[in-house]
Amino acid sequence: MKKFGVAAFGESGQYDLASNKLGSQNNELNEQLSIFQVKLVEFARQHNKELRDVPRFRAKFMRMCSAIGIDPLSIFDKNSHLFHIDDFYYQICVKIIEICRNTKDVNGGVISLEELHVNYFKNMNIEMEDIEKAIIMLGPLDGGFELFTIRQKKFLRSVPNELTDDQTKILEICSIMGYASITLLRANLNWKRVRSQSVLDGMVASGLIWVDSQSLEGEVLYWDPSWIINLS
Amino acid sequence: MSAGFIYWHPVEIAGSGQPILRENERDIYVEQSVGLYHGKTKILNKQKGRLYLTSQRIIYVDELAPKKESVCIENDDIMNVEYSSKFLKRSAKIILFFKELSQNEAPIEEKGKQVHTTQWNCPICGVENRIYSTLDSNGLNMPPCGSCGVEVDRDMVQNSIKTVVEDLEETPKENICPVCTFINHPQIRNCEICGARLKQSRRTSKVKDSRVRILLEEKTPSGEESFAQLSFRKTDGALFYETLVKQLQEISRKESKHLFNQNVLSVNGVPTDPVIDPDLVLSNNDINLIGITALEKNKEQQLLKNNIVMSNALSDLNKLMALAEDIEKMYQGNRKSKSNESILLVDREKYLNKNVFLEEIARELYGFVDSELRGDSGIIVTLVDLFALYNKSVRIGTGLISPEEMREACEKFEKLGLNDLKLIKINGRVLCLAFQDSFDHIRTKVLQLATMRPGVDILQITTELNVYEKNNWSMGVISEVLQYCVAEGNLVMDEQISGTNYYFNSYWKV
Amino acid sequence: MTLETPQIYKFPPLYTPQTNKLIRKQQLQTWESIILQTCAQLSKWCINKNGKIYDQSTGELLISIFENPEIQRACSLEFQQEIWAYMLQNETALQLKESEDSNMIAIFWESLDSWSSTILEWCETSGKLNQVITIYEICESDENTNCKFYGMPSSFCLLVLHRLVDRNRATLLKDQGKIVGVKIV
Amino acid sequence: MTLETPQIYKFPPLYTPQTNKLIRKQQLQTWESIILQTCAQLSKWCINKNGKIYDQSTGELLISIFENPEIQRACSLEFQQEIWAYMLQNETALQLKESEDSNMIAIFWESLDSWSSTILEWCETSGKLNQVITIYEICESDENTNCKFYGMPSSFCLLVLHRLVDRNRATLLKDQGKIVGVKIV
């Protein structure tokens, strides 16, 4: 997958399509390696203190983790991080930027925080306030990363241009059923066709919503893609 | 003239543009459109050519001027190899670390003026083998035989072992080829007639080979360079890397059997446990294992070996650390190692006050942006992207830096005299790091594009800027520049449902 | 066997060609990775242009990639053409020329290079170097049932062998124009 | 009859409201001149708000100003409203109030003053001064077919006459609130 910007570096999922495996791997070998990975994680947790004190070990261990493909975040939670507490948050900052850039062409730079938490961070027991704290930390970089809420649902915008009120209203409608349409807009906001059409077209042009012309009622639906976190 | 240059050697190129291989040199793999770096700087007019990996050398054949610009590096000179995968716009690179000169010379001097050669013939295929040094007396089996690759145990061969001691009275000036006794020029590394390795080759001459032309892009303020980089523009170079690693292992195994680490007790402070023989860990897929011995090494054996390593690794921390590389190799099979060695460990604890630490980070940042992101027309990168990129690729293993520290470090460039890189704010809202004239450069580029191809969109502009010219502009930065041009009135927009097209504003004067 | 597909496979607009150029490009990339992933999971080297994959033995339909009955959405024919054109251009797929399977497409969920090195390595380990071997022997002989390339269709195998010829590690033996065997060095 | 439109009419960004204020102003001026020019060429005094102009006799669509099929571009409705607002404010157009042509707009490709002086001058030459004449007589009587104001819709003619009243060169005669004639002095 050819990507631009920071999106080019990404998580190599379990199918690393690009890497061509020279050795003929079959499942026993794979299994053995993954069991070892799990044991390595437990081992790292027990020896956390020792690892933290010797910089040389720490550097080597982290490099081994990234070579094996273990995301350091998954090993250490808040109180057992190798460097010091803030590193844990910097790690989250980097991960958030990475995911936002990866999915920018899909959701136009607006991503739902709940989905980000549930789909990615939850299984590393990283809580919602950790994510929000990391986002606030990104402030000084002036990257145009901003949190906003629609009907108590939190969203993260990673592109500088702001959403207009009309666009926010449409995202509000989308948050109910996942999509919006001209009839829905007339029913809920009693917008005339002209107005909804032009706002919807504007959102499509800036990549905030996707067009679906195969709906059963025959009307064009506009779906909100902000829940899509990982593409592979 | 930094010592690093002596590792580049000339190559004879046939009319067809193919390199002329030496006598028993076997070519293994060819890669397209590769560029050469000496240390961190690009080597001028050696940026696009074919790279041949052979059993003895890595040969670079330049596309434009094969005869003049082709060079090669001897495999023996390479100490170890690092792979760094494709990253943003930076193409995949293989970093070759050269052996320091001193290390090369030591073994010869130590042995005084004589050279011992032992010959024995292999009971299986009857070939008469010869090695240039004494046998390790208590070793159980002999080194693998040259033709059938079988490691026979000592007593089977006892009677046919002959050790011949030759002393090197004749002045080192002469360079007699051990195979065909042709007297070569002292500087030559391989005998001109039969291509065999010459003893002299060990003593790499200090002086740079005059026939090689190395012009660096410009002298960056970096010290003695003892590494080179191969940058893969088209493919991701993983296959080339894996074959090269195999090849180097092959060489090191042949050598290490006799010269280094003989019955030594501990390696850099960690006791080598007799149970774990480094060979054990290597996966069995050596391409150039010759002869029948390759037959026995199969999956079961590999599984057995891994088990031994794994159980040992987790016994205590020291063991784990000692086996870190081996464990990485175990995974080498199915996953490229993404981390690249950061040469200088800027570790937070090392610095007493924050200021010094930040200055060090600023230098490291400058080096990173200069070597990895700078394209032909400079670079502008948003601070947010740079934060993720820098932490992910350079800071791995040495502790990340905070967004706060990143910004403070960037504000220190001025003070450190690195003032061709500075913070700028585009459209008053997005903070970026940019080289001196990059912003005007890209602005004029974008305006030119809009005049040449009216109705151009951001996708076309990014491809034009990044693909046809070697740059790394991110889509985010380009869209900011476009908004700037629209705000200042040079560009006008044609908004379509498929996105925005841009035209040069030739009608309405501003 | 349950097939994993990415989240976005259940996203209805994925089946409608998007008007926004940037999103359209991302959509094509997403379809490419879905196809590559599915073929890799089912280890299918060639599939029909219409995206329908049948089980070799039972002939039962495993999946029709371009249709998602769960959300009643399907890609139109032109959109399918566009996806295939994108993959051909990206060299992650190749239209098979032979007459009878003209609508079969070879899918490179692993690059030809890596397949050629796997076969090369198999030759070395099983000592088949410098001998003439037939394609049948490589793909269907029962001794290498547990090899990764077991069951590879001959047309695909030919592509891999041609790659080996380019790396001048193999020569193809033709008999009245038809390829009968290969000698790998 | 081939209608000349300025070069810029084929310039796609013309149909997108530009964000730069200075350019936006000039863009509106450009639209204003296009509308005036087109109405002058077709000598249309009042046109529909949607910019579509039909041939009086055949009813066939002559041009839809805000849409350019040649480059498939069209102004959005808001932008059309903005252009009309600009022209109303510039007094180069006037919203006709009467109920049934509420979406008709009078276009002054010549100013009301110039029209009123033309009619005044016509009255003097044709000796109609100090007589009561009906609007019909001015606009549709066959003797002044070749006058510039022939075929002027009555609503437009009224505006011109009001201008004459302001210049107290005419008095309007009303019958139960409806204007029947005018006496020009």
Side-chain angles (χ1 to χ4, degrees), chain A residues 1-5 7 10 13-28 102-109 115 118-120 159 174 177-179 200-216 220-232, chain C residues 4-41 68 71-76 79 86 90 92 108-122 125 144 146-149:
Chain A
M1 284 219 284
K2 189 97 190 49
K3 300 179 197 160
F4 291 95
Q14 82 276 29
Y15 289 98
D16 195 332
L17 303 182
S19 87
N20 38 38
K21 308 176 186 72
L22 250 189
S24 56
Q25 291 295 72
N26 59 24
N27 13 47
E28 285 126 35
N102 272 350
T103 58
K104 180 188 159 304
D105 284 351
V106 172
N107 53 31
E115 297 300 330
V118 163
N119 279 339
Y120 192 81
V159 281
C174 289
M177 318 245 280
Y179 64 87
L200 288 169
D201 288 350
M203 286 178 90
V204 169
S206 46
L208 290 166
I209 42 177
W210 286 47
V211 178
D212 172 20
S213 57
Q214 300 180 18
S215 72
L216 305 183
V220 175
L221 304 183
Y222 297 83
W223 293 77
D224 165 16
S226 63
W227 58 277
I228 298 170
I229 303 298
N230 41 37
L231 294 170
S232 59
Chain C
E4 284 143 40
T5 50
Q7 281 179 319
I8 197 167
Y9 193 63
K10 298 192 288 303
F11 187 52
L14 185 66
Y15 301 79
T16 308
Q18 292 301 307
T19 44
N20 179 312
K21 280 203 207 88
L22 273 176
I23 296 202
R24 178 66 150 274
K25 193 166 171 311
Q26 183 65 45
Q27 187 179 22
L28 291 174
Q29 273 166 12
T30 311
W31 272 111
E32 178 186 54
S33 84
I34 291 174
I35 293 174
L36 291 179
Q37 242 178 33
T38 318
C39 292
Q41 277 180 54
N68 187 343
I71 52 171
Q72 294 113 23
R73 291 293 190 280
C75 294
S76 66
F79 193 34
Y86 177 78
N90 244 357
T92 47
F108 303 132
W109 34 282
E110 266 185 36
S111 71
L112 274 182
D113 277 338
S114 101
W115 284 116
S116 57
S117 350
T118 319
I119 290 192
L120 194 67
E121 197 246 333
W122 165 74
T125 48
N144 38 25
N146 56 13
C147 293
K148 225 162 59 150
F149 48 80

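Quick note on labels: first sequence line is chain A, next is B, and so on, each numbered from 1. On a predicted model such as this, the values are computed, not experimentally measured, just so you know.
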(request) List the atom of C:N20, the atom of A:A205, and the distance in Å for their closest heavy-atom pair. (result) ND2-O, 2.7 Å

(message) Can you tell me which portion of C:L14 sits under 4.5 Å from chain A's heavy atoms? Options are side chain, backbone, both or neither.
(response) both

(request) Examine whether an atom of A:N119 lies under 4.5 Å from a heavy atom of chain C, and if so say whether it belongs to the side chain, the backbone or both; otherwise answer neither. (result) side chain

(message) Tell me every residue that passes side-chain hydrogen bond (donor to acceptor under 3.5 Å, both in side chains) with C:Y9, counting only those two or more places apart in sequence or in another chain.
(response) none

(request) Side chain from CB out, backbone as N, CA, C, O: work out which of these in A:S206 comes under 4.5 Å of a heavy atom of chain C, or both, or neither. (result) backbone

(message) Measuring only between side-chain heavy atoms, which start at C-beta, is A:V211 closer than 4.5 Å to C:P13?
(response) no

(message) When you compare the side chain of C:I23 with that of A:D105, does any pair of heavy atoms fall below 4.5 Å?
(response) no

(request) With sequence neighbours excluded, tell me which residues meet salt bridge (charged side-chain N to carboxylate O under 4.0 Å, His left out) with A:D201. (result) none

(request) Provide the closest heavy-atom pair for A:W210 versus C:Q18 in the form atom of the first, atom of the second, distance. (result) CA-OE1, 3.3 Å

(request) Please flag which part of C:Y15 lies under 4.5 Å from any non-hydrogen atom of chain A: side chain, backbone, both or neither. (result) both

(request) State the CD1-NZ distance between A:I228 and C:K10, to the nearest 0.5 angstrom. (result) 10.0 Å

(request) Starting from the C-alpha separation in whole Å, work towards a yes-or-no answer on side chain to side chain contact (heavy atoms under 4.5 Å, CB included) for A:T103 and C:Q26. (result) CA-CA 9 Å; A:T103 58; C:Q26 183 65 45; over 6 Å; no

(request) Could you go through the side chain to side chain contact (heavy atoms under 4.5 Å, CB included) check for A:S215 and C:R73 one step at a time? (result) CA-CA 8 Å; A:S215 72; C:R73 291 293 190 280; 4.1 Å; yes

(message) Could you check whether any side-chain heavy atom of C:Q72 comes within less than 4.5 Å of a side-chain heavy atom of A:L216, counting everything from C-beta outward?
(response) yes

